[in-house]
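In what follows, a structure is listed as structure tokens, so that the remarks can point back to it.
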Amino acid sequence: MNAMKAPVNLMEKITALCKRRGFIFQSSEIYGGLNGFWDYGPAGAQLKRNIRDQWWQRYVRNGHISPSGDHFDIVGLDASIIMHPDVWKASGHTESFSDPLVDCRKCKQRFRADQLPDTKCPSGGDHEFTEPRDFNLMFQTFIGPVKDDASIAFLRPETAQAIFVQFQNVLTVSRTKVPFGIAQIGKAFRNEINPRNYTFRSREFEQMEIEFFIKPGSDESWHEYWLKDRMDWYKSIGLSPRKLNLEKHEDSELAHYASACSDIIYRFPFGDQELEGIAARGNFDLCQHANATGKIPQYFDPDTGERFYPHVIEPSAGVDRIALALLTDAYHEETITDSKGKTEIRTVMRFHPAIAPVTVAVFPLLRNRPELVTKAYDIFETLRHRFIVQWDDRGNIGKRYRYQDELGTPWCVTIDFDTIGQGEPSLKDTVTLRDRDTMNQERVSVENLTDIIQERLLQPFTP
Ligand code: ATP
């Protein structure tokens, strides 16, 4: 079994696999698609759900101990996509959430001035660009039946602002104290000038954001804490550590209120790109909303008696970019040789078992033998309570393995005549358990099957 070198047209192959196996489809495909919008099929929807679950489990459901040994909380929020338009005035988005836009005078195409193409103009020769002008990325809509200035509203361009706007409510109900975090997962919308690199830069996407509220002055140490914690999380879901990096923003690149920002960068086939930004944003946002509304009082610290607006550390990640990183990381092609010496290329998605859209596939050897199907269905039902399980009874077992390899299913279980006592007597009540990565097949007892899979699920994973 040889691992092949990554092919040059890797993204094309991954895109084809994503369509073939139901990870990602073009939005509105039968109408010709819509640039910058994507749909996730059965496998992709589950992959994204697993990413969200891993994040929510780690941050909202698990307990946390600070470096000084104190317990702290992170609580959840699920806010509306459309908020009061004044939110975006206070946050600065109405004024300045924009990218520099240029037009080519010849071909009329539009580009981001900081991401100009290195291709020639389709009208011939070089592009002839206009001076850059600001293009606001917020999608606008109208609330209610009348379309006038008073009814203008925006689809949120980030989930974070709702966390600041609901800060006081959440603090009051949570019986928590600083330091603590508020976490949210949800859709965000940006009218990107050039959506590109498959799902990487989309116009509708999903964010997972935490605002972690801290005492002013502790920004640097908490920023360090979050950089490390978030890097560890990316490794825990199976991304290759050698493809992950931290990139620190220079002081000159920081917003005036921020004291630090670093991006978590992943080596995509199309280059090193941001998965997540982790910023120390001071108390700018909270103060902006406090000033605009007069409704957010200073926080009272019960331990020291001080009053202040907490500072925040903001780890802000994109679910779609993480899904794309996982898909590109998992994609492997191998040359395999069968027992007759015939070679073929096996495409296999090596997902971390906890992230894979299917954990176990259950195969009755033949679909037209009720005694096999009944037994297989019993096993399917038992496994279903613990894992994400798929039933597959079509084609020969070899073809089913190939299909599951492309979905990234770590284990396949085959129920055959031995299992039901119509073959080798010593193999009664055993099944074949096949491993995705080693392709090893072993006979295990039905009784131990759940425990064996559970145990393997918890074993360290090497991407
Ligand atoms: P970029 O520089 O790539 O445009 P950004 O720095 O503007 O990203 P943030 O505003 O920090 O991004 O958003 C936080 C996260 O949200 C990003 O790290 C990314 O994972 C995700 N994200 C932002 N814009 C998009 C987009 N257009 N498509 C998909 N995900 C996005």
Side-chain angles (χ1 to χ4, degrees), residues 26-28 33-38 79-104 108-117 129-143 147 149 151-165 184-209 211 249 253-258 261 263 265 270-271 273-279 281 284-285 288-289 292 314-324:
Q26 242 190 323
S27 162
S28 321
L34 192 60
N35 191 12
F37 297 89
W38 299 94
S80 64
I81 286 171
I82 294 179
M83 301 174 69
H84 195 294
D86 288 352
V87 168
W88 308 110
K89 281 191 194 144
S91 68
H93 284 80
T94 314
E95 181 74 30
S96 58
F97 191 63
S98 51
D99 278 336
L101 171 79
V102 294
D103 296 272
C104 171
K108 308 292 177 215
Q109 285 190 83
R110 292 184 153 174
F111 302 97
R112 255 175 78 164
D114 56 344
Q115 293 177 358
L116 290 177
F129 295 120
T130 57
E131 284 300 306
R133 61 198 158 86
D134 283 341
F135 173 72
N136 194 296
L137 299 182
M138 286 203 291
F139 273 100
Q140 191 176 298
T141 186
F142 298 92
I143 298 177
K147 287 192 177 147
D149 283 355
S151 64
I152 291 177
F154 302 96
L155 305 191
R156 65 182 176 201
E158 59 174 43
T159 58
Q161 289 309 317
I163 298 180
F164 296 114
V165 171
Q184 177 167 222
I185 302 177
K187 290 270 187 166
F189 302 81
R190 294 183 189 176
N191 198 1
E192 298 278 359
I193 297 170
N194 290 129
R196 58 180 179 170
N197 287 330
Y198 200 20
T199 55
F200 180 84
R201 186 172 300 289
S202 310
R203 290 180 165 139
E204 173 175 345
F205 55 96
E206 208 169 352
Q207 290 187 315
M208 304 193 293
E209 297 195 297
E211 297 300 338
H249 291 212
E253 298 168 338
L254 296 176
H256 65 91
Y257 45 79
C261 185
D263 293 337
I265 303 289
F270 45 83
Q273 299 281 350
E274 171 184 334
L275 286 180
E276 166 163 351
I278 304 171
R281 294 177 61 84
F284 174 79
D285 305 85
Q288 287 295 103
H289 295 300
E314 178 189 81
S316 170
V319 183
D320 309 80
R321 287 192 185 174
I322 297 170
L324 188 58

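Computed from heavy atoms alone, side chains included, the values below leave out hydrogens, waters and symmetry copies. Along the sequence shown, residues carry numbers from 1.
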Assess the side chains of T159 and E209: does a donor N or O sit below 3.5 Å from an acceptor N or O? yes
Search all heavy atoms of F164 against all heavy atoms of H289 and return the closest pair with its distance. CB-CD2, 3.7 Å
Least distance between heavy atoms, E274 atom then R321 atom: O-NH1, 3.1 Å
Side chain of R156, backbone of A188: donor and acceptor closer than 3.5 Å? no
How about Q115 and R196: does a side-chain donor come under 3.5 Å of a side-chain acceptor? yes
Over all atoms of both residues, closest heavy-atom pair of Q161 and D285: NE2-OD2, 3.1 Å
Flag the pair M208 / I322 as yes when at least one side-chain heavy-atom distance between them is below 4.5 Å, and no otherwise. yes
Atom CD of E253: over 12 foreign heavy atoms under 6.0 Å: yes
Answer yes or no: is there a side-chain heavy-atom contact under 4.5 Å between V87 and F154? no
Nearest heavy-atom approach of T94 to K89 is OG1-N, 3.2 Å
Nearest heavy atoms of A79 and Q184, plus distance in Å: N-OE1, 2.6 Å
In this structure, CG of N35 is separated from OG of S202 (nearest 0.5 Å) by 9.5 Å
State, to 0.1 Å, how close P157 and F205 come at their nearest heavy-atom pair, and which atoms those are. O-CZ, 4.4 Å
Does the ring centre of Y198 sit less than 6.0 Å away from the ring centre of F270? no
Quick one: CZ on F111 to SG on C104, what's the gap to the nearest 0.5 Å? 6.5 Å
Check side chain to side chain donor-acceptor pair (under 3.5 Å) between S151 and all other residues, then give those that pass, not counting sequence neighbours. D148
Do the non-hydrogen side-chain atoms of R190 and F97 ever get within less than 4.5 Å of each other? yes
CG-CD distance between L155 and Q140, expressed to the nearest 0.5 angstrom: 10.0 Å
Would you please name every residue forming a salt bridge (Lys or Arg N to Asp or Glu O under 4.0 Å) with D263, sequence neighbours left out? none
Given the rule in the side chain to side chain contact (heavy atoms under 4.5 Å, CB included) test, do R112 and R201 qualify, once you have shown the distances and angles that lead to the verdict? CA-CA 13 Å; R112 255 175 78 164; R201 186 172 300 289; 3.6 Å; yes
Measure the CG-CG distance between D99 and D114 for me, rounded to the nearest 0.5 Å. 6.0 Å
For R133, salt bridge (Lys or Arg N to Asp or Glu O under 4.0 Å) partners two or more places apart: D103
Can you tell me how far CZ of F200 sits from CH2 of W38, rounded to the nearest 0.5 angstrom? 14.0 Å
Any W88 side-chain heavy atom under 4.5 Å of M83 side chain: yes
Quick one: salt bridge (Lys or Arg N to Asp or Glu O under 4.0 Å) partners of D149, sequence neighbours excluded? none
Around atom NZ of K147, are there more than 12 heavy atoms from other residues, nucleotides or ligands closer than 6.0 Å? no
Can you check side chain to side chain contact (heavy atoms under 4.5 Å, CB included) on I185 and E206, steps first, answer last? CA-CA 7 Å; I185 302 177; E206 208 169 352; 3.7 Å; yes
CZ-CD1 distance between R110 and I193, expressed to the nearest 0.5 angstrom: 8.5 Å
Determine, step by step, whether F139 and E204 satisfy the side chain to side chain contact (heavy atoms under 4.5 Å, CB included) criterion, reporting the C-alpha distance in whole Å, the side-chain angles of both residues, the deciding distance to 0.1 Å, and the verdict. CA-CA 10 Å; F139 273 100; E204 173 175 345; over 6 Å; no
Just jot down the ring pair (Phe, Tyr, Trp, His ring centres under 6.0 Å) partners of F284, sequence neighbours excluded, or say none. H256, Y257
Tell me, please, which residues at least two apart from E276 pass salt bridge (Lys or Arg N to Asp or Glu O under 4.0 Å). R230
Assess the residue pair L324 and N197 against the criterion (side chain to side chain contact (heavy atoms under 4.5 Å, CB included)); give the C-alpha distance rounded to whole Å, side-chain angles, the decisive distance to 0.1 Å, and a yes or no. CA-CA 10 Å; L324 188 58; N197 287 330; 5.8 Å; no
